Asker: 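Below is the structure I would like to discuss, written out as structure tokens.
All values reported here derive from a predicted model rather than from experimental measurement.
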Amino acid sequence: MILLHGRNIRAFMLVANMLSQSVESNELTTTYPTRAIPKCPLPITVLDFIYNFTEPNLEIKWPCEVRSYWLSLQPFVRSVRFLLRYVTPFIIVLGVLLNTVSFSMLSTPVLWDSNLSLYLSALAISDNGALIFNYAVSVAKSHSTVVNDLFMNSRFLCSTNSVSMELFQFTSTWLVVALTWTRVVAVVFPFGTRSCQNCSAVITITTLICTSFVVSLTKLYSGGYETDSVFEFVPCQDKIKPWGSAMYFYIALSTWLPLLFIFIGNLLLIIRMRKSYKIHNELTHNFRYKSNRTHNSSRTLLAVSIVHLILLLPLGIVETLELYWDVILIKHPAKGIAENEQYIHWLQEKMFLKWCRGLFFHIYHWNFAINFFLYYLTGKKFRSVVTQALKNHTNSHLPCNKSILKCNCHEHLARIRSSNALLTRAVTRSKFVEDNTRSAANERNSNVT
């Protein structure tokens, strides 16, 4: 009985221990519940900008919340893609054509009388280079896999294109700065010597091109925005660091410093022009004519620089924000819930900033294609030269029509003259016959009487 009772006690203690462990486990589960990871209903293929879906850890890099946000961002993305893929080619063709016409007009002896024409001619060449080597090549890469593979398989083509696209775009921006301050100096010091203005313009343009080439060589070591292009082609700089301290230097030189110089130069130019306009009424007629010429050229330059300022400023703001977001505020996938939510928020904002950059990048494209219209609207001499060139072109291509018109006119006049001569002869003959009959009748009447 005592032995049986001891066994029952041991069995009871064993059952009690098991119950206590189960209770503790239940308390632990109720206090610290395990988070179940649900499977994302959106596949990774909804991210249509990913080129290689075999990369490891794509599910971790692109969480389900980011895929859902990408689908909600699709209307905006489609609009920007349409502008970049189908409107940008129109801007390229229009810009190359109009810049070529501007260069030919500015090279005429009528307009080739100031250093402003030299700056504008160099700007037309640089704008065409930016349209061809930057935007045309990017559009070709995004539309054709053959062109993209050609650059991918040739390190020389990849490096040359990276340097040339930055060279022309950087040169165009700083040419606007150079001609702005050249005009400011000409307006502030109107009685300065004019003998070496063209020489100084040539030296300034040459120095600017050399400096732009040196700055563009940084693209051999830092891919920049081309590694994450809004044209969505596979970048050929696969072994180049996409971001870094060089991008701060590049953005400062390509956006903020030019914008600052252009803004200050235009402000000084507007103030000086307002003062000179008040003085014009007190000056002689001859000097007023010279001042009007300076005023007209300053108005053309003012239009070019202000339009450049307006189109470049939004792009500079977005590029700076995106660089700060990608370099300073960068986040990585984490195991913790709070850290991973920060990473999701960071990645969503990064996607939005990229396509905002695409929109303002497309708007900035127009800067390289509309200078002809600015010259035509603000420059009286340029407008007269273009009008005269169109008249000469029309007259030279319509010689047959003019000769035919001349021949027809001469034949028509000859016919009118011959018909008038015949009519005159007939009238005079009828009058002569009528007079003879009247005289004969009078003679008869006199004989009868």
Side-chain angles (χ1 to χ4, degrees), residues 38-53 55 58-95 131 134-145 147-148 224-235 242-243 251 255 307 310-327 329-331 333 340-370:
K39 186 177 180 181
C40 183
L42 299 175
I44 195 67
T45 54
V46 299
L47 305 174
D48 54 357
F49 54 86
I50 296 179
Y51 307 109
N52 186 11
F53 289 99
E55 294 181 1
L58 284 180
E59 297 286 340
I60 300 175
K61 292 179 181 179
W62 303 99
C64 190
E65 294 84 354
V66 176
R67 303 175 207 175
S68 177
Y69 178 77
W70 173 251
L71 293 180
S72 65
L73 199 64
Q74 281 299 301
F76 177 61
V77 174
R78 290 194 192 99
S79 301
V80 178
R81 282 175 173 173
F82 176 82
L83 293 175
L84 292 172
R85 294 180 181 178
Y86 301 104
V87 182
T88 299
F90 169 75
I91 298 176
I92 295 170
V93 175
L94 180 67
L131 288 172
N134 192 346
Y135 308 122
V137 173
S138 299
V139 171
K141 285 182 179 180
S142 62
H143 279 79
S144 175
T145 56
V147 177
N148 196 20
Y225 288 104
E226 194 175 356
T227 57
D228 191 20
S229 176
V230 292
F231 287 101
E232 296 182 295
F233 55 81
V234 181
W243 298 110
I251 291 180
T255 56
V307 169
I310 293 173
L311 295 179
L312 180 60
L313 182 59
L315 180 62
I317 294 173
V318 173
E319 284 184 347
T320 305
L321 289 175
E322 190 176 8
L323 179 63
Y324 180 75
W325 198 263
D326 287 346
V327 177
L329 302 180
I330 186 171
K331 304 293 181 181
N340 199 52
E341 288 181 354
Q342 292 179 0
Y343 168 73
I344 291 171
H345 174 70
W346 174 84
L347 192 55
Q348 291 174 350
E349 294 296 328
K350 173 181 169 61
M351 296 166 68
F352 178 71
L353 286 174
K354 173 184 176 179
W355 289 103
C356 286
R357 169 167 57 93
L359 175 62
F360 293 123
F361 190 59
H362 170 78
I363 295 174
Y364 182 59
H365 293 171
W366 290 97
N367 176 70
F368 301 95
I370 61 175

Asker: Given the rule in the side-chain contact (heavy atoms from CB on, under 4.5 Å) test, do S144 and N148 qualify, once you have shown the distances and angles that lead to the verdict?
Answerer: CA-CA 6 Å; S144 175; N148 196 20; over 6 Å; no
Asker: I'd like to know if the side chain of S68 reaches the main chain of E65, judged simply by a donor and an acceptor atom lying under 3.5 Å from each other, with no hydrogens or angles considered.
Answerer: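 Here the side-chain-to-backbone pair does not exist.
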Asker: Please report the closest heavy-atom contact between L42 and R67, naming both atoms and the distance.
Answerer: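 Heavy atoms of L42 and R67 come nearest at O-NH1, 2.6 Å.
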Asker: With a 4.5 Å heavy-atom cut-off, do L312 and N367 have their side chains touching?
Answerer: no
Asker: With a 3.5 Å distance limit and no angle check, can you tell me whether W325 reaches the backbone of W346 through a side-chain donor-acceptor pair?
Answerer: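 Checked: pair present.
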Asker: Would you say that more than 12 heavy atoms from the other residues, nucleotides or ligands in this model lie under 6.0 Å from the OH of Y86, or not?
Answerer: no
Asker: Which atom pair, heavy atoms only, marks the closest approach of W355 to V80?
Answerer: CE3-CG1, 3.7 Å
Asker: How long is the straight-line distance from NE2 of H345 back to OH of Y69, given to the nearest 0.5 Å?
Answerer: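 Going from OH on Y69 over to NE2 on H345, the span is 9.5 Å.
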Asker: Does a sphere of radius 6.0 Å around CZ in F352 hold more than 12 heavy atoms from other residues, nucleotides or ligands, not counting ones at 6.0 Å or beyond?
Answerer: no
Asker: Could you check whether the rings of Y135 and H365 sit parallel, tilted or perpendicular, using 30° and 60° as the cut-offs?
Answerer: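 Plane angle between 30° and 60°, so tilted.
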Asker: Measure the spacing between OG of S138 and NE2 of H143 and express it to the nearest 0.5 Å.
Answerer: 12.0 Å
Asker: Find the distance between CD1 (I92) and CZ (F368) and round it off to the nearest 0.5 Å.
Answerer: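 Answer for the CD1-CZ pair, I92 versus F368, is 11.0 Å.
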Asker: How far apart are the closest heavy atoms of S142 and F233, and which atoms are they?
Answerer: N-CB, 4.2 Å
Asker: Under the criterion side-chain contact (heavy atoms from CB on, under 4.5 Å), I'd like the reasoning laid out for L353 against R357: C-alpha separation, chi angles, the key distance, then a yes or no.
Answerer: CA-CA 6 Å; L353 286 174; R357 169 167 57 93; over 6 Å; no
Asker: Measuring only between side-chain heavy atoms, which start at C-beta, is C356 closer than 4.5 Å to P314?
Answerer: no
Asker: Give the minimum heavy-atom separation between L58 and I44, together with the two atoms involved.
Answerer: O-CD1, 3.8 Å
Asker: Given the rule in the side-chain contact (heavy atoms from CB on, under 4.5 Å) test, do F76 and L359 qualify, once you have shown the distances and angles that lead to the verdict?
Answerer: CA-CA 9 Å; F76 177 61; L359 175 62; 4.1 Å; yes
Asker: Between atom OH of Y343 and atom CD1 of I60, what is the distance when rounded to the nearest 0.5 Å?
Answerer: 9.5 Å
Asker: For the residue pair T88 and H362, what are the closest heavy atoms and their distance?
Answerer: OG1-ND1, 3.4 Å
Asker: Would you call E341 and K331 a salt bridge, taking side-chain N to carboxylate O under 4.0 Å as the test?
Answerer: no
Asker: Roughly how far, to the nearest 0.5 Å, is OG of S229 from CZ of F361?
Answerer: 7.0 Å
Asker: To check you understand the geometry: which heavy-atom pair defines the closest contact between L347 and K61, and what is its length?
Answerer: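 Heavy atoms of L347 and K61 come nearest at CD2-O, 3.4 Å.
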Asker: How many angstroms lie between atom CZ of F360 and atom CG of L313, to the nearest 0.5 angstrom?
Answerer: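 Separation between the atoms: 9.5 Å.
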Asker: Could you walk me through whether M351 and V66 pass side-chain contact (heavy atoms from CB on, under 4.5 Å), step by step?
Answerer: CA-CA 9 Å; M351 296 166 68; V66 176; 3.6 Å; yes
Asker: Salt-bridge test for R85 and E232: reply yes if a basic N is under 4.0 Å from a carboxylate O, no otherwise.
Answerer: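 Yes, charged N to carboxylate O under 4.0 Å.
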Asker: Evaluate the ring planes of F49 and W70, with Trp represented by its six-membered ring, and classify them as parallel (under 30°), tilted (30 to 60°) or perpendicular (over 60°).
Answerer: perpendicular
